[in-house]
> 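Dropping the structure in here first, questions after.
The figures that follow rest on heavy atoms only: side chains count, while hydrogens, waters and symmetry mates do not. Below, read A as the first sequence line, B as the second, and so on, with proteins coming before strands; counting in each chain starts at 1.
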Protein chains: 2
Amino acid sequence: MVNHVYDPFRSDFESLDELADRISQVLECPVTIEDANHRLLAYSTHDERTDSARISTIIGRRVPEKVINQLWKQGTIPALLTTKEPIRVKEMNEIGLGHRVAISIWKQEEVLGFIWALEINKSLTEEDFSLLRKAAESAKNKLLQLQTRKNKNEERFQEFFWKLLTGHLYIQEEIMEHFHTLNIIPASSYVLLVFQFQQNVTSKEEQNISYLLKTNQHLKIMLYTIDCNQLILLVSTDNMQNTFKELTKFAHFFVFKMSERYNITNITPVFSSIYYDYSHLKKAYTETREILSIKNQFPNETKNIYTYQRLGIYRFFNILLQKRKSEDYENYALKKLGEYDQKHNSNLIETLDVYLNKDTNINDAAKVLNVHANTLNYRLKRIAEIGEIDFKDPNQKITLYIDLKLEKHLRM
Amino acid sequence: MVNHVYDPFRSDFESLDELADRISQVLECPVTIEDANHRLLAYSTHDERTDSARISTIIGRRVPEKVINQLWKQGTIPALLTTKEPIRVKEMNEIGLGHRVAISIWKQEEVLGFIWALEINKSLTEEDFSLLRKAAESAKNKLLQLQTRKNKNEERFQEFFWKLLTGHLYIQEEIMEHFHTLNIIPASSYVLLVFQFQQNVTSKEEQNISYLLKTNQHLKIMLYTIDCNQLILLVSTDNMQNTFKELTKFAHFFVFKMSERYNITNITPVFSSIYYDYSHLKKAYTETREILSIKNQFPNETKNIYTYQRLGIYRFFNILLQKRKSEDYENYALKKLGEYDQKHNSNLIETLDVYLNKDTNINDAAKVLNVHANTLNYRLKRIAEIGEIDFKDPNQKITLYIDLKLEKHLRM
DNA sequence: ACGACTTTTGGAGATTCTCACAAATACTCA
DNA sequence: TGAGTATTTGTGAGAATCTCCAAAAGTCGT
């Protein structure tokens, strides 16, 4: 039996593994220690009994994403991030999680990591909880040491990444040398992924982002950095069969999670083309900034576009707008249709717009407009008459499509 | 009988009508005198027998166009324009033309008009021909008087028109005043029609053009002028139901006739929008010059376009080209397809081009490409795969359409 | 020259689209 | 209000398109 005053974790341990073993020994249950991003730092080895969640954590050296997700949804992680008290987690068989108790490791107002104790042989008592608190206190110093080491490393990463982004590092061998030194395996193809935030990213948010990136298991992120309101990721695209689909999926995932977990909304994702040469990273960076610039100008129109290629007409929308503003051009067909709409308060313009945006598919457009296909047909005939349009002429249709978009934008 | 030496037309006549009557009296047949543009100047009245062509000429105060056309085709007018001798014309019942003899009236190397003698009561003899020569000589002076008067008038027309074109005349009442003074009825709506020639128009060509315009009966031309290599017409559009169709027809007619009759080719027609206010004539003129400028830049692409509205994407093709040249953009889909074409020497790009230009109509495009519709279908699927194109997305299709046109133009 | 692969062509059948017509309803102007 | 016009909806025939499948022809690398 353990005395209340005596602290079994006071002595200096060689390593976190040693501490994990000691905790395990004292509490008589398997123990794992994770950093704030749920990466495995240490685990006890004396006890062979464990659950499947712990096994995958140890094998993958990180907590599986679905487990993290579950712990978020069900409130454990949010609780751990707000209190210094141990939290008991009920068994969750669907993700292979047995009964366990967790406590967060704090340095001032910041969580450095977590200690998990599995309640396999016994249920932890109030006394055990008190011991856990002491264990967490003891782990803190070890984690801090790790963190300062990590921070120094982090700085070297940052410097390297910015040199690449700004084109200050362009000799192939030099770049590879740096990758090697930083222990990163450079992918043979990559894209640059940029998330633009509404406001500059605070250090608190930076932690959250970092957490989300570290816990994500979708993409191989070689390097990342934050610059004012932009999060910049260098992502490997090796062995990806459907690159842009995957990237889009990740972008949506990230945006969704940021909103769900941290209530940060209005994040604009964007990604460069695929590049093969790291000396082109500057170009990739310029490309993403160009996309962002266009997306910022036409947010509604380009809502679902993330790459330069897919910008389509919005690539040159700006110069068209400028030209339009500088001359007193008016699309004759749209003018006539507008006048007709005004006079008969109909909506031929809207009809035309939907029709063109639905790729001149009558059925689809009719559905959107909530009218019978024949009605749409009739309207299109009237539109062709009134606007003197030949719907068989792609040049005319394209002109209408573009002019409609320009007008819509000018009216806003 | 008439003496060879005696000239019955030597005395001074009060008017051309008097001369016509005298010729008619001497030759014993109906006589008409026309100017170089086949406008009726005078006709004999003593004889009541005549043919239907003469009747319509007198009624309309000009020779009907179909008669002129026939006389061109069949060689009479060209002959009259080269020789000072009388020419005999065979009966042409299909246009109501009886037997007749014509002679041209010359001043130096220029034809001022024609005298026509109908052989109704008798066939003209060699002696009569000699008389006709004398009659033509006698008519010359009268015609010259008319012409100087006409030239003076012409100058006033020119001055007025240029004032309108350059915007130096913009007060409604003043403009109407001028119209009235010049005895022109101002139409309530008008367009400006400009024909651009390859070279500057010579005074010889000017006569031909003038001839063609004066004899045309399709359009009401209020004013016209020639400036270097441009023929500028102010055309009434009153009572025209299908304005641009009519104008196009006339433009084709004019271009065709200039080529057929005078061997002048490569004439580019162009017309402004419809205007209602004569103070906007300057704007109309600017408009036509803008169209011509674009057509000169992209002659092949805009071959069949005559109005600003119909220019469509070519309105801003120039700025797109500039942008393209200044950046190193490459359409990913086209790049991929180009590479594929190169490697497999296929023609996916061409297929795509035809398909898009045929308004994505599979049957039409297949016909142009000389392949089975299923083949085209197959190719389109491959194109969508290789170029990662979604043919349901209008933005993507439009981008391809435009990028194809830009590339085609850049390659030339 | 062989086999693997791509491309072309043809046809049958299902599905979708288009078009003309008719009837019903809405709107307009005197 | 009532005739005349504009608009919407339904129906059905015919055209066009899509989906399969299969055979033939062409291409490429070895």
> Less than 3.5 Å apart, any donor N or O on the side chain of N331(B) or T399(B) sitting next to an acceptor on the other?
no

> Nearest heavy atom decides the nucleotide; on that basis, is K381(A) or R382(B) closer to the 5' end of DNA chain C?
R382(B)

> Should the ring pair Y340(A) and H344(A) be called parallel, tilted or perpendicular, given that the plane angle runs from 0 to 90° and is split at 30 and 60?
parallel

> Please report the distance, rounded to the nearest Å, between NE2 in H344(B) and C1' in dC5(C).
9 Å

> Salt bridge between D364(A) and K392(B), side-chain N to carboxylate O under 4.0 Å?
no

> If you look at every heavy atom in T237(A) and T243(A), which pair is closest and at what distance?
CG2-CG2, 3.5 Å

> Let me know the distance between CD of E385(B) and C1' of dT6(C), rounded to the nearest Å.
12 Å

> Quick check on dT7(C): is either OP1 or OP2 less than 4.0 Å from any side-chain nitrogen or oxygen of T375(B)?
no

> Would E385(A) and K381(A) pass as an ion pair if we require N to O under 4.0 Å?
no

> Relative to the 5' end of DNA chain C, which residue comes earlier, L348(B) or H372(B), by the nucleotide with the nearest heavy atom?
L348(B)

> Considering just the side-chain nitrogens and oxygens of R379(A), establish if one lies under 4.0 Å of OP1 or OP2 belonging to dT8(D).
yes

> Send over the distance from N361(A) CG to dT17(D) C1', rounded to a whole Å.
12 Å

> Ignoring backbone atoms, establish whether N374(A) has a side-chain N or O less than 4.0 Å from OP1 or OP2 of dC21(C).
no

> Within this structure, what is the CG-to-C1' distance between N363(A) and dT15(C), rounded to whole angstrom?
11 Å

> Y378(B) side chain N/O closer than 4.0 Å to the phosphate oxygens (OP1, OP2) of dC21(D)?
no

> Roughly how many Å is it from CG in D359(B) to P in dT17(D), rounded to a whole number?
11 Å

> Starting at CG of N377(B) and ending at C1' of dT15(C), how long is that distance when rounded to a whole Å?
14 Å

> Calculate the interatomic distance between L380(B) atom CG and dT17(D) atom P; express it in whole Å.
11 Å

> In whole Å, I'd like the distance from the NZ atom of K343(A) to the C1' atom of dT7(D).
16 Å

> Closest-nucleotide mapping onto DNA chain D: is Y340(A) or N345(B) further toward the 5' terminus? I mean the 5' end.
Y340(A)

